Engineer: 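Below you'll find the structure I mean.
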Amino acid sequence: MLLSPTALESMRGRLIVSAQAYPGEPMRDPRTMGQVAASAVIGGAAAVRVQGLADVQAARSAVEVPVIGLFKDGHDSVFITPTIRHALAVASAGAHIVALDGTRRKRPDGASLAETVAAVQSDSLASVMADCGSLADADAAAEAGADLIGTTLAGYTGERGRTEGPDLELIEQLAAADLGRPVIAEGRIHTPAQARAALDAGAYAVVVGTAITHPASITGWFVDALGA
Ligand SMILES: CC(=O)N[C@H](C=O)[C@@H](O)[C@H](O)[C@H](O)COP(=O)(O)O
């Protein structure tokens with residue numbers, strides 16, 4: 001088990017920073033993402049989340065905190081670490097936690113979520129974070145044996161509306177559902193107050209991506225506010 005109980009405990013009530021640059025963007029370079037991850041840790045991040053095998057490797061070298069890794073493939077339907085092959089590759093790259101699509105949708109390799117989770121847990125030392133889009137997803141992901149439940153896909157699967165900030169109602173539902181595993185709030189958390197609200201809604205930890213690590217988006221927010 002790469003993610004010891006102590007390491008998991010070190011994430012309780014804390015901030016996790018997701019550093020991702022998208023295809024074609026200037027910062028899309030594993031070394032850069034490793035530097036961004038290291039900067040986030042200096043700022044107090046308890047863990048980091050990165051996309052792509054090279055970025056997972058770079059983050060493992062750059063920081064001492066737990067690394068959540070994912071492998072995006074495609075844009076539609078199931079694209080976050082969509083298959084067992086992707087999940088095992090992320091684990092082999094060194095992720096402490098493999099984040100994968102935790103929805104009830106059909107997966108491209110035909111494997112069930114339970115089979116995917118079991119493959120990671122039996123063939124690697126990594127834990128599994130199921131990126132869910134609804135309470136029903138989370139129930140199924142807990143049943144499938146996922147170690148952590150994320151709200152990552154809330155507002156992106158059609159099951160829930162895309163809230164302006166985090167989906168606090170879903171976070172409350174997941175906390176109340178007593179799933180027996182940590183609920184990680186992720187998605188559209190853009191301000192410190194929203195991060196606080198996600199914790200207050202019952203999240204174990206909070207992931208912030210865009211608002212900390214995506215300068216093009218942040219710049220756009222300011223530009224829009226100026227109306228220029
Ligand atoms: C839906 C999807 O593809 N989410 C991805 C998952 O890794 C990332 O693009 C997000 O940046 C990440 O979830 C953090 O969320 P936000 O950037 O809103 O703080």
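One-based numbering, in listed order, for ligands and for the atoms of each. Just so it is clear, the model here is predicted, and its values are computed rather than measured.
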Engineer: Using 0.5 Å steps for rounding, measure from the CZ atom of Arg60 to the CG atom of Leu2.
Structural biologist: 6.0 Å
Engineer: Could you tell me whether Gly209 and ligand 1 have an N or O pair separated by under 3.5 Å?
Structural biologist: yes
Engineer: Nearest protein heavy-atom contact for atom 4 (N) of ligand 1: which residue, which atom, what distance?
Structural biologist: Thr152 CG2, 4.0 Å
Engineer: Tell me, with the steps shown, if His214 and Glu25 meet side chain to side chain donor-acceptor pair (under 3.5 Å).
Structural biologist: CA-CA 10 Å; His214 200 254; Glu25 293 188 334; 2.9 Å; yes
Engineer: Can we say Arg85 and Asp109 salt-bridge, meaning some charged N sits less than 4.0 Å from an Asp/Glu carboxylate O?
Structural biologist: no
Engineer: For side chain to side chain donor-acceptor pair (under 3.5 Å), just list the numbers for Tyr156 and Arg188, CA-CA rounded to whole Å, side-chain angles, deciding distance to a tenth of an Å, and then say yes or no.
Structural biologist: CA-CA 11 Å; Tyr156 300 103; Arg188 302 181 303 284; 3.3 Å; yes
Engineer: Are any of the N/O atoms in Gln20 less than 3.5 Å from those in ligand 1?
Structural biologist: yes
Engineer: To check your reading of the model: name the closest protein heavy atom to atom 12 (C) of ligand 1, its residue, and the distance in Å.
Structural biologist: Glu186 OE2, 3.1 Å
Engineer: Between Arg188 and ligand 1, does any nitrogen or oxygen pair lie at a separation below 3.5 Å?
Structural biologist: yes
Engineer: To check your reading of the model: name the closest protein heavy atom to atom 6 (C) of ligand 1, its residue, and the distance in Å.
Structural biologist: Arg49 NH2, 3.3 Å
Engineer: Quick one: nearest non-hydrogen protein atom to atom 11 (O) of ligand 1, plus distance?
Structural biologist: Tyr22 OH, 3.3 Å
Engineer: So does Asp137 get a backbone contact from the side chain of Ser134, meaning a donor-acceptor N/O pair under 3.5 Å?
Structural biologist: yes
Engineer: So is Lys72 touching ligand 1 or not, going by heavy atoms under 4.0 Å?
Structural biologist: yes
Engineer: Is there a heavy atom of Gly187 sitting under 4.0 angstrom from any atom of ligand 1?
Structural biologist: yes
Engineer: Nearest protein heavy atom to atom 17 (O) of ligand 1, by residue and atom, and its distance?
Structural biologist: Thr210 OG1, 2.4 Å
Engineer: Under 4.0 Å from a heavy atom of Leu70: which atoms of ligand 1 are those, numbered in the order shown and with their elements?
Structural biologist: 7 (O)
Engineer: Hey, does Pro108 have a side-chain heavy atom less than 4.5 Å from the side chain of Val78?
Structural biologist: yes
Engineer: Could you walk me through whether Asp131 and Arg49 pass salt bridge (charged side-chain N to carboxylate O under 4.0 Å, His left out), step by step?
Structural biologist: CA-CA 12 Å; Asp131 288 347; Arg49 176 170 161 126; 2.8 Å; yes
Engineer: Nearest heavy atom to atom 2 (C) of ligand 1: which of Ile16, Val50, Ile80 does it belong to?
Structural biologist: Ile80
Engineer: When rounded to the nearest 0.5 angstrom, what is the spacing between CG in Asp139 and CG in Leu179?
Structural biologist: 6.0 Å
Engineer: Any ion pair linking Glu159 and Arg104 (charged N to carboxylate O, less than 4.0 Å)?
Structural biologist: yes
Engineer: Which ligand 1 atoms, with their elements, are less than 4.0 angstrom from a heavy-atom of Phe79?
Structural biologist: 3 (O)
